[in-house]
Protein chains: 2
Amino acid sequence: MTFTRALPLADISPGAPAGTDQADAVACSSSMARAAIAPEHADALARSIKALADPARLRILSIVSAHADQEACVCDLTDQLTLSQPTISHHLKVLVEAGFLLRAKRGTWSYYSLVPGSLDSVAGVLVAI
Amino acid sequence: MTFTRALPLADISPGAPAGTDQADAVACSSSMARAAIAPEHADALARSIKALADPARLRILSIVSAHADQEACVCDLTDQLTLSQPTISHHLKVLVEAGFLLRAKRGTWSYYSLVPGSLDSVAGVLVAI
DNA sequence: TCCTTAGATTGACATTGGTCGATGCAGTGT
DNA sequence: ACACTGCATCGACCAATGTCAATCTAAGGA
């Protein structure tokens, strides 16, 4: 899993009118009111969404977000998730690489916090589909 | 892949204050401003999001949504996606079972349309995390 | 009736992804 | 220096997923 920093996700829903439906060629195709999402954008968006498509990772985001100081260390997560520490570390890495979490190492502990607006960005693209 | 009708997704972000942080037990745990998402809700949400976490399926949703009449038949999709017809049929099935698409068979053709509000529902839960 | 077409289903395959045990590696305390 | 602790990385394993060729079904048209 690479998750090469899929965000930012702006400019995905083009709204550019397809205008010339050249040929309206073959058989069944009816007219398009607007252009569909571009393949590269679909790839980028799917990479972001894939990082969210796991119950453990959703719980991690929620636990981090629910913390009073918007920060949680790994031990907070191992307490609440019934998963091994390496597995949790793996999920954290996925979320960091996808741009949803920030990692701050202080002393022995690693603290994770939400990247502001990252979830809203994905949500915004979804409603625009 | 089963996707047992994950929606509706209401009531996921509880907002119920955790109140009594009993014992604030072990080591590093700082206080929670609110309760995190419940494990079952995380599972249901992850099932929905998984259905969206594929570039082909995102393009399908976008193509359907971009159609003037909000409907597309399979041939519209095979024209625009560089995937075999069985693969597209598979993705359509996933989206229908996840509650994002409706299938209407008329004569030889199958027409697919968006389930109104289904994407907004997922987006709403995301911003509430 | 037979042929053709639209689309769903099946089966097989390769790839990806989630999980854990074992290990490595910094910080911290003694 | 030594042991310990918190967390990341590695390697392996198995389950889930995306893909296609082949096949099946149903609807139309000759």
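A note on names: the letters A, B, ... follow the listed sequences, proteins ahead of strands, and every chain is numbered from 1. Computed from heavy atoms alone, side chains included, the values below leave out hydrogens, waters and symmetry copies.
I60(A) places its CD1 atom 13 Å from the C1' atom of dT19(C), with the value rounded to the nearest Å. Rounded to an integer number of Å, the gap from I49(A) CD1 to dG17(C) P is 14 Å. Rounded to whole Å, the distance from CG on D54(A) to P on dA15(D) is 17 Å. If you measure from atom CZ of R59(A) to atom C1' of dG18(C), you get 15 Å, rounded to the nearest angstrom. When rounded to the nearest whole Å, the span between CD1 of I88(A) and C1' of dC20(C) equals 12 Å. Atom pair L52(A):CG and dG17(C):C1' shows a separation of 15 Å (rounding to whole Å applied).
Side-chain proximity of R57(A) to the nucleotides dC7(D), dG7(C), dG18(C) is greatest for dG18(C). When distances run from any side-chain atom of T87(A) to the nucleotides dG7(C), dT28(C), dT19(C), the shortest one goes to dT19(C).
Taking for each of K93(B) and K105(A) the nucleotide of DNA chain C with the nearest heavy atom, the 5'-most of the two is the partner of K93(B). Projected onto DNA chain C by closest heavy-atom contact, P86(B) and S84(A) fall at different nucleotides, the more 5' of which corresponds to P86(B).
Using a 4.0 Å heavy-atom distance criterion, S89(B) is classed as a base contact. Within 4.0 Å (heavy atoms only), R106(B) reaches no atom of the nucleic acid at all. L83(A) comes within 4.0 angstrom of the backbone, heavy atoms only, and of no base.
Between dT19(D) and H91(B), a contact under 4.0 Å exists linking OP1 or OP2 to a side-chain N or O.
T78(A) pairs by the side-chain contact (heavy atoms from CB on, under 4.5 Å) definition with V74(A), C75(A), Q85(A), I88(A), not counting sequence neighbours.
A salt bridge does not link R47(A) with E97(A): every distance from a Lys NZ or Arg NE/NH1/NH2 to an Asp or Glu carboxylate oxygen is 4.0 Å or more.
Contact of Q85(B) with dA6(C) (side chain to base): no donor-acceptor pair of N or O atoms is detected under 3.5 Å.
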